[in-house]
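Read the structure below first, then the notes.
These numbers come from a predicted model, not from an experiment. Position 1 is the first residue of the sequence; numbering continues from there.
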Amino acid sequence: MDLDLSSEDAAFRDEVRAFIATNYPQEMRVPNPETDLTKEQSLLWHRILHKKGWVAPLWPKEYGGPGWSVTQRFIFEQETSRAGTLPPLAFSVTMVGPVIYTFGNDAQKKKFLPRILSGDDWWCQGYSEPGAGSDLASVRTKAVRDGDHYIVNGHKTWTTLAQHADWIFCLVRTDPGAKPQAGISFLLIDMKSPGVTVRPIITIDGSHEVNDVFLEDVRVPVENLIGEENKGWTYAKFLLGNERTSMAGIGRSTRYLKRLKHVVKTEIGEDDPTFGELIKEIARVELDVLALEATELRIIAQMSRGIDPGPAASLFKIRGTEIFQRITDLMHQAIGNYGLAIREHPVSANRFMPGPDYGHTATEKYLNSRKLSIYGGSNEIQRNIIAKAVLGL
């Protein structure tokens with residue numbers, strides 16, 4: 001297997017690097033863009049990419065995608081991740097967009113896809129519920145048909161950035177008498193509809209990133225049903241496959257490893273007894289990143305020949321998230337006492353933070369990254385998938 005880039009792909013990589021260096025907005029270059037930016041600031045890069053025609057690498061050209069090869073998509077993801085750019089909102093571009101153009105009807109494609117590409121519509125994901133997280137087939141939010149509408153009642157939770165959202169895509173139960181997976185539908189709901197209430201959940205790092213979403217007698221037009229009624233589990237699995245495949249995070253881990261090495265050399269002298277152990281741990285993590293990158297390249301090579309990655313998506317999700325959690329753990333060890341401080345939110349709060357800049361957000365990142373092995377299907381569930389689909393257990 002040849003993993004070297006062709007001359008054309010190498011030229012494309014250089015083009016992407018140059019475009020990022022020239023066009024990524026300075027005001028988005030903040031320590032934690034996921035929580036430090038306003039909605040409008042978060043959309044700046046999205047709109048620049050949209051103007052360039054690069055906002056939706058996964059999409060076919062006929063729906064507004066760039067028409068890239070699998071390798072070009074991989075290069076773009078790697079380069080933007082290594083550069084630390086905030087990607088376009090995944091719930092819109094990576095998740096619901098492909099569901100709509102794959103399973104939606106022509107009217108739905110015409111209505112929703114252009115506004116996803118432009119950033120005019122901000123989407124959130126209505127999957128998890130208080131009693132249905134990794135066991136997603138247990139969703140209890142009900143949608144009862146009433147003429148040309150569904151009447152929806154239920155409670156979604158851990159809904160990321162719902163406070164900004166224009167629309168939510170929801171898994172709802174339309175046939176309570178069917179087997180769990182067989183009675184679920186995929187419904188698009190306008191967040192401005194009467195009966196939709198968003199309440200913030202403040203996470204352990206002190207940020208407002210996730211929310212509870214309550215749905216009380218919300219009237220949703222039947223035309224907002226994706227595909228067939230009671231077939232939503234099929235569309236949900238398709239969406240989660242796209243989500244998990246993007247979780248390897250090689251570029252992000254490589255970027256944070258470089259920062260971690262700098263911090264260790266700066267904060268811990270070579271004569272310190274902890275220096276050697278930290279360097280060994282960093283070397284182990286670096287080897288894990290290289291091994292995962294090689295695996296990802298093998299999968300990319302297969303996909304370029306039309307072979308579906310299958311359960312490899314679960315492998316990327318497990319290893320990618322655990323590697324990054326380990327990096328944030330080591331960073332937290334390396335910064336020592338500076339890790340006792342945590343910023344106030346909002347970021348503009350007038351509070352002095354002692355120590356170097358890299359210590360100001362390390363604790364936030366450590367705390368926030370605890371979620372990575374849970375969302376998108378917990379890593380325990382992903383191991384079950386691999387055990388069943390790959391090992392035949």
In terms of hydrophobic clustering (I, L, V, M, F, W, Y; side-chain heavy atoms under 4.5 Å; direct or indirect links), are Y127 and F91 co-clustered?
yes
Report the distance from atom CG of L89 to atom CG of L43, rounding to the nearest 0.5 Å.
8.0 Å
Could you check whether the rings of F214 and H155 sit parallel, tilted or perpendicular, using 30° and 60° as the cut-offs?
parallel
For the backbone of I250 and the side chain of S253, can you confirm whether one donor and one acceptor N or O come within less than 3.5 Å of each other?
no
Tell me the closest heavy-atom pair linking R173 and V139, and the distance in Å.
NE-O, 2.8 Å
Side-chain donor or acceptor of H208 paired with backbone N/O of L161 under 3.5 Å
no
State, with a plain yes or no, whether a side-chain heavy atom of R219 is found less than 4.5 Å away from one of D146.
yes
Verify the cluster assignment for W68 and L49: are they in a single hydrophobic cluster under the rule of side-chain heavy atoms below 4.5 Å apart?
yes
Exactly one of Y101, W167, Y63 clears ring-ring contact (aromatic ring centres under 6.0 Å, His included) with F112, and that residue is W167
d(H164 NE2, W122 CH2) to nearest 0.5 Å is 5.5 Å
Any Lys/Arg nitrogen of K371 or D205 sitting under 4.0 Å from an Asp/Glu carboxylate oxygen of the other?
no
Mark yes or no for whether K231, through its side chain, and F186, through its backbone, hold a donor-acceptor pair below 3.5 Å.
no
Over 12 non-hydrogen atoms of neighbours within 6.0 angstrom of NZ in K388
no
Going by heavy atoms in the side chains, are V198 and M191 under 4.5 Å from each other?
yes
Count the heavy atoms of every other residue, nucleotide or ligand shown that sit under 6.0 Å from NZ of K61, and state whether that count exceeds 12.
no
Residue that, paired with T328, satisfies side-chain hydrogen bond (donor to acceptor under 3.5 Å, both in side chains) out of K365, Q333, R370, E364:
R370
Could you tell me whether E293 and R319 have a side-chain N and a carboxylate O separated by less than 4.0 Å?
no
Quick one: does Y235's side chain have a donor or acceptor within less than 3.5 Å of a partner on T102's backbone?
no
Kindly state whether the ring of W158 and the ring of Y375 have centres lying under 6.0 angstrom apart.
no
To the nearest 0.5 angstrom, please state how far the CD1 atom of I386 sits from the NZ atom of K317.
11.0 Å
Given 3.5 Å as the limit, does a donor-acceptor pair link the side chain of Q108 with the main chain of E223, or not?
yes
Flag, side chain of T22 to backbone of F19, donor-acceptor distance under 3.5 Å
no
Worked verdict on E286 versus K261 for side-chain contact (heavy atoms from CB on, under 4.5 Å)
CA-CA 11 Å; E286 197 160 21; K261 291 177 184 177; 2.8 Å; yes
Drop me the distance from D288's CG to L292's CG, to the nearest 0.5 angstrom.
8.5 Å
Side chains of I48 and P25: does their closest heavy-atom pair fall under 4.5 Å?
yes
Could you tell me which non-hydrogen atom of D166 sits nearest to which non-hydrogen atom of D190, and how far apart they are?
O-OD1, 3.4 Å
What is the distance from atom OG of S378 to atom CD1 of I318, rounded to the nearest 0.5 Å?
9.0 Å
So does S369 get a backbone contact from the side chain of Q325, meaning a donor-acceptor N/O pair under 3.5 Å?
yes
Give the C-alpha distance, both sets of side-chain angles, the deciding distance and a yes or no for side-chain contact (heavy atoms from CB on, under 4.5 Å) between R73 and V70.
CA-CA 5 Å; R73 295 203 304 262; V70 172; 3.7 Å; yes
If two hydrophobic side chains count as joined below 4.5 Å and joins carry through other members, does F169 share a cluster with V196?
no
Would you please test T159 and N211 for side chain to side chain donor-acceptor pair (under 3.5 Å) and show each step?
CA-CA 5 Å; T159 312; N211 305 267; over 6 Å; no
Under 3.5 Å: donor-acceptor pair, side chain of N153, backbone of D217:
yes
Expected output: side-chain T174 to main-chain A143 donor-acceptor under 3.5 Å:
no
How many angstroms lie between atom CG of L257 and atom CD1 of I327, to the nearest 0.5 angstrom?
4.0 Å
Should we say atom CZ of R140 is surrounded by more than 12 heavy atoms from elsewhere, each under 6.0 Å from it?
no
Check whether any side-chain heavy atom of F76 sits under 4.5 Å from a side-chain heavy atom of P66, and report yes or no.
no
Does L215 belong to the same Ile/Leu/Val/Met/Phe/Trp/Tyr cluster as L225, with side-chain heavy atoms less than 4.5 Å apart forming each link?
yes
Minimal non-hydrogen separation, T160 against C124, with atom names
O-CB, 3.7 Å
Chi angles and distances behind the side-chain contact (heavy atoms from CB on, under 4.5 Å) call for R326, E281
CA-CA 9 Å; R326 184 61 181 143; E281 286 299 316; 2.8 Å; yes
Side chain to side chain, I75 and T71, heavy atoms closer than 4.5 Å
yes
Any salt bridge between E277 and K280, counting N to O under 4.0 Å?
yes
Any side-chain donor-acceptor pair under 3.5 Å between S118 and R115?
no
Quick check: closest heavy atoms across V93 and P98, and the distance to 0.1 Å?
O-CD, 3.2 Å
Where V263 and A334 come nearest, the two heavy atoms and their spacing:
CG1-CB, 3.9 Å
Show the nearest heavy-atom pair for residues R255 and R82, with the distance to one decimal.
CD-O, 3.2 Å
Do F238 and F103 have ring centroids that are under 6.0 Å from one another?
yes
When you measure from the side chain of N224 to the backbone of L188, do you find a donor-acceptor pair of N or O atoms at a distance under 3.5 Å?
yes
Residue pair V30 / Q41, side-chain heavy-atom distance below 4.5 Å
no
For the pair W233 and L136, evaluate side-chain contact (heavy atoms from CB on, under 4.5 Å) and give the outcome as yes or no after the intermediate values.
CA-CA 9 Å; W233 189 250; L136 196 55; 4.0 Å; yes
Please say yes or no: joined through hydrophobic side-chain contacts below 4.5 Å, possibly via intermediate residues, are M95 and L187 part of one cluster?
no
Are any non-hydrogen side-chain atoms of T80 and W54 less than 4.5 angstrom apart?
no
